[in-house]
Amino acid sequence: CVALLSLCYFITNLFFSFIYWYARSNNLANPEFWKQSKKNAWLSIIVLLLLLGCIPLSYYSVPLTYTVFISGFSAHLLKKS
């Protein structure tokens with residue numbers, strides 16, 4: 001069940017990335033926004049890779065998997081500050 005949740009979180013974040021790349025390629029946002037979001041691109045990539053790693057990790061340790069979920073979500077919330 002936790003592996004399925006990990007897969008769903010990963011797919012959700014992957015589709016958010018696709019929306020981000022689509023908006024960027026079609027210049028749908030203010031250019032100043034893209035300058036600010038370059039700083040956060042590495043954080044997003046790292047969280048996406050961690051979520052992908054949570055799929056097999058969930059068979060080993062469920063609490064550790066939830067810790068990664070909460071940490072990744074918190075990082076996305078706090079990256080603007």
Side-chain angles (χ1 to χ4, degrees):
C1 182
V2 178
L4 182 61
L5 181 66
S6 300
L7 181 64
C8 289
Y9 280 167
F10 173 74
I11 291 171
T12 301
N13 278 304
L14 191 63
F15 278 111
F16 279 131
S17 299
F18 289 151
I19 292 169
Y20 174 87
W21 292 322
Y22 177 79
R24 184 175 177 123
S25 66
N26 291 320
N27 294 324
L28 298 176
N30 185 358
E32 196 63 34
F33 172 77
W34 302 119
K35 290 178 185 176
Q36 293 173 354
S37 58
K38 277 185 180 179
K39 299 173 185 175
N40 301 321
W42 283 108
L43 176 65
S44 298
I45 292 170
I46 290 169
V47 170
L48 192 64
L49 291 174
L50 283 174
L51 287 173
L52 184 62
C54 280
I55 297 169
L57 180 65
S58 63
Y59 292 107
Y60 174 71
S61 173
V62 173
L64 184 59
T65 303
Y66 281 119
T67 302
V68 173
F69 289 165
I70 292 169
S71 300
F73 184 69
S74 299
H76 279 296
L77 288 177
L78 298 175
K79 71 181 175 182
K80 291 288 182 184
S81 39

Determine whether [X] and [Y] fall in the same hydrophobic cluster, where Ile, Leu, Val, Met, Phe, Trp and Tyr are linked whenever their side-chain heavy atoms lie under 4.5 Å apart.
X     : Y     : value
Ile11 : Phe18 : yes
Leu57 : Leu51 : no
Tyr9  : Leu14 : yes
Leu7  : Tyr59 : no
Phe10 : Tyr60 : no

Which atom pair, heavy atoms only, marks the closest approach of Val68 to Cys54?
CG1-SG, 3.4 Å
Do Leu48 and Leu52 make a side-chain contact, defined as non-hydrogen atoms from C-beta onward lying under 4.5 Å apart?
no
I'd like to check the side chain to side chain contact (heavy atoms under 4.5 Å, CB included) partners of Ser61; sequence neighbours left out, ordered by chain and number.
Pro63, Leu64
